[in-house]
Number of protein chains: 2
Amino acid sequence: MKQQKRDRRSQRTQRLVSAAFAEIMTEKSYEKILVQDILDRAGIGRTTFYAHYFDKEDVLNHIVEQELAMLTGHIAQAAQGQRIIPSLELFVHAYASANQQLRALICSSAGKPLLDALQAALCRMIEPTLSTLCTERRSPPIPLPVVSEYLAGAFLTLFKWWVTADMPYPPEQMDSIFQQLALPGVWAMLKEK
Amino acid sequence: MKQQKRDRRSQRTQRLVSAAFAEIMTEKSYEKILVQDILDRAGIGRTTFYAHYFDKEDVLNHIVEQELAMLTGHIAQAAQGQRIIPSLELFVHAYASANQQLRALICSSAGKPLLDALQAALCRMIEPTLSTLCTERRSPPIPLPVVSEYLAGAFLTLFKWWVTADMPYPPEQMDSIFQQLALPGVWAMLKEK
DNA sequence: TCGGTAGCAAACACGCTGTTCTTCAAAATG
DNA sequence: CATTTTGAAGAACAGCGTGTTTGCTACCGA
């Protein structure tokens, strides 16, 4: 339904709009962005815009989808099962791409959908791994969904802080910090009985 | 500046508006709430509303301030320095008050200001405690601001999940879970060296 | 050469906002 | 008890942003 408009039209306008939107988002908060701003910046007409998108929110969703796809893409590439959570890959990806778009998205309250989706994606990835680790030693003292939520959230907290603070440390160090802080609790839980 | 209107007018209207707003927020997302909705629900006139508030956002800020004051109030009551973070008090408070307002706020993207403020408040509380614990054993391997950010975020992640999931466990258990998962990493960091 | 496609500009109706003005009732004041 | 003062209601209004419609242009492929 929501895809119809986008899919069967030219790529050009989409690129222009995405670029313009990303640019504007680094300058003012999502709520204050007008459709007119996007038109001006992208250099396209009103009609064209509404031929591709339903409204401003549709553009945001588009961007979020893109960004999420990039992130989960990098997650998938990482050999699974090795570590519980592919934290290093995510830190590295963000560091390498260094796009302001991601930063603006994470800071703004409009980025909540992205962060929520990431959290959910991480949880979906963590829980099975955790589950197999656990059946070997049976009966977890803490419900597994809670543990995955914690792990995903702990990672995202550090990730958010790091991106917001303009990535003051290299990705390797951030990964190491995450491992040191967040994982001992999980190991301890798995060991006891 | 922003306070002028609110402070010098009657309390009655504020109560009506707050109640109406909290009610509506459990029914539709913040973005979709119209001023007219508030007027209808609160049973007040347009003129009266704008005599007290600048706009819809002003109401939201008002509510956020209230909620934040309640939470930080409960934090302050907790004897400080005992534990690094007064997690139990926060779980208990949320459980006892059981207000839908808090839940709606946390779920909606409009609640980001509240969560950010809470995160900041927790950090401000954690860092000094952490700092004293650390000078005794000198030179932390991980920058302390990062550690406080992690701790506050790890707590809030669990808190958010718990509230969103309608508080399926008693506060004591949640506190215990938090202690088991999030703290070992911090102790380990403090011990080494 | 001609249909189809993608675009622009202008104009528009609509919905919501925030303001203004007029009226009214209930307090406060003497 | 009469009279100011105050807070609020209602209606009307201008302003702005949205999303749609219309008419026109340009390009592209058969």
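Just so it is clear: chains get the letters A, B, ... in the order the sequence lines come, proteins before strands, and each one is counted from 1.
- Here the two rings, on A/Phe49 and A/Tyr53, have centers that are under 6.0 Å apart.
- One can place CG of B/Asp58 at 14 Å from P of C/dT17, the figure rounded to the nearest angstrom.
- One can place CZ of B/Phe49 at 18 Å from P of D/dG7, the figure rounded to the nearest angstrom.
- A donor-acceptor contact under 3.5 Å links the side chain of A/Thr47 to the base of C/dA9.
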Test side-chain contact (heavy atoms from CB on, under 4.5 Å) on A/Cys123 and A/Ser148 and set out the steps.
CA-CA 5 Å; A/Cys123 277; A/Ser148 357; 4.3 Å; yes

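- Of the residues in residues 22-41 of chain A, those with a non-hydrogen atom less than 4.0 angstrom from any atom of DNA chain D are A/Leu34, A/Val35.
- What separates CG of A/Leu16 from C1' of C/dG7 is a distance of 12 Å, to the nearest Å.
- Of the candidate nucleotides D/dA8, C/dT19, D/dT20, C/dT19 has the atom lying nearest to any side-chain atom of B/Tyr50.
- With hydrogens and angles ignored, a donor-acceptor pair closer than 3.5 Å exists between the side chain of B/Arg46 and the base of C/dG18.
- Protein atom CD of A/Glu57 is 10 Å distant from nucleotide atom P of D/dG19, rounded to whole Å.
- Atom-to-atom distance recorded for A/Arg83:CZ and A/Ile126:CD1 is 12.0 Å, nearest 0.5 angstrom.
- For B/Tyr53 and C/dG18, the OH to C1' distance is 17 Å, given to the nearest whole Å.
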Walk me through it: do B/Leu105 and B/Tyr30 pass the test side-chain contact (heavy atoms from CB on, under 4.5 Å)?
CA-CA 9 Å; B/Leu105 220 42; B/Tyr30 169 75; over 6 Å; no

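- As a whole-Å value, the separation of B/Asp55 CG from D/dC16 P is 17 Å.
- Rounded to an integer number of Å, the gap from CD1 of B/Ile44 to P of C/dA25 is 20 Å.
- Atoms CG and CH2, from B/Asp175 and B/Trp162 in turn, are 10.5 Å apart once rounded to the nearest 0.5 Å.
- Checked against the 6.0 Å centroid threshold, A/Phe91 and A/Tyr169 do not count as a close aromatic pair.
- Here A/His52 reaches the OP1 or OP2 of C/dG7: one of its side-chain N or O atoms lies under 4.0 Å away.
- Checking each of B/Gln180, B/Gln179, B/Gln173 against B/Ser176 for a side chain to side chain donor-acceptor pair (under 3.5 Å) leaves exactly one that passes, namely B/Gln180.
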